[in-house]
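Working notes, structure below.
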Amino acid sequence: MRTLIVEDDPTLGASTAHGLELEGFAVDWRTDGASADAALIAQKYDTIVLDLGLPGIPGESLLRSWRERSDYTPVLVLTARGFVLDRVRLLNLGADDYLVKPFDLLELGARLRALARRHGGKTEAMLEYGSLLLSRSDHVAMWKGGRVELTKREYRILDTLLRNRGRVLTRKQLEEALYGWGEEIESNAIEVHVHNLRRKLARDLIETVRGTGYRLSPHAQ
Ligand code: CA
């Protein structure tokens with residue numbers, strides 16, 4: 001079970017990460033919104049623990065942007081004592097659960113396991129985008145109902161683009177995503193893989209955004 005902790009307080013972050021590791025979680029700990037976002041692009045998590053008061057991008061904006069791009073990884077929000085209205089608002093924004101600080105680590109672990117279990121049934125075994133269907137359990141891509149043979153890396157780039165639909169990913173972010181899957185990559189690998197994906201699927205499925213990166217074409221939806 002892999003969990004992303006987003007908490008800027010060094011003491012609380014370290015003790016939460018350590019406590020969950022002792023309970024058998026694989027933990028990544030990030031201290032600000034931008035690096036949390038990068039981690040979520042690169043890696044699939046079973047659950048996320050999100051502090052609201054973060055430097056830079058506030059936790060609430062992070063959560064909203066994840067949900068807007070259809071990332072439904074279960075999120076447990078950490079709130080300060082007494083912010084009742086905030087909690088209601090957060091659940092409305094797409095948080096799956098919350099805990100009030102200070103919290104008990106055993107309770108946090110139990111709640112995260114419960115969230116992952118609940119989410120497990122509807123885990124995104126299939127990703128769909130227009131005529132494209134990805135079966136994530138066996139890494140098969142279907143285009144207009146026909147099976148398309150992709151290499152492991154092509155599949156992973158496509159999976160990353162689908163999980164981040166609606167946003168532009170830089171070449172570096174895609175490279176990091178491949179690294180996140182444990183892949184070694186060459187310098188022009190992303191261009192070559194995108195070229196091959198266009199050839200195998202559709203030329204206009206993946207858009208090049210000049211000077212920025214790549215995204216799934218909104219017109220292909
Ligand atoms: Ca904080």
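Numbers for residues simply follow the sequence, beginning at 1. All values derive from a computational prediction rather than experimental measurement. Both ligands and their constituent atoms are indexed starting at 1 by order of listing.
Only protein atoms were considered; those of element N, O or S under 3.0 Å from the Ca ion (ligand 1) number 3.
Between the side chains of D28 and Y45, at least one donor N or O sits under 3.5 Å from an acceptor N or O. Looking only at atom types and distance, the side chain of R198 has a donor-acceptor partner in the side chain of T208 under 3.5 Å away.
For E191 and R171, the salt-bridge test passes: some basic side-chain N is under 4.0 Å from an acidic carboxylate O. Between E23 and R113, at least one side-chain nitrogen of the basic residue sits less than 4.0 Å from a carboxylate oxygen of the acidic one, meeting the salt-bridge criterion. The existence of a salt bridge linking D51 and R30 is excluded, since no basic side-chain nitrogen approaches an acidic carboxylate oxygen closer than 4.0 Å.
A distance-only check finds a donor-acceptor pair linking the side chain of E154 to the backbone of T151 [under 3.5 Å].
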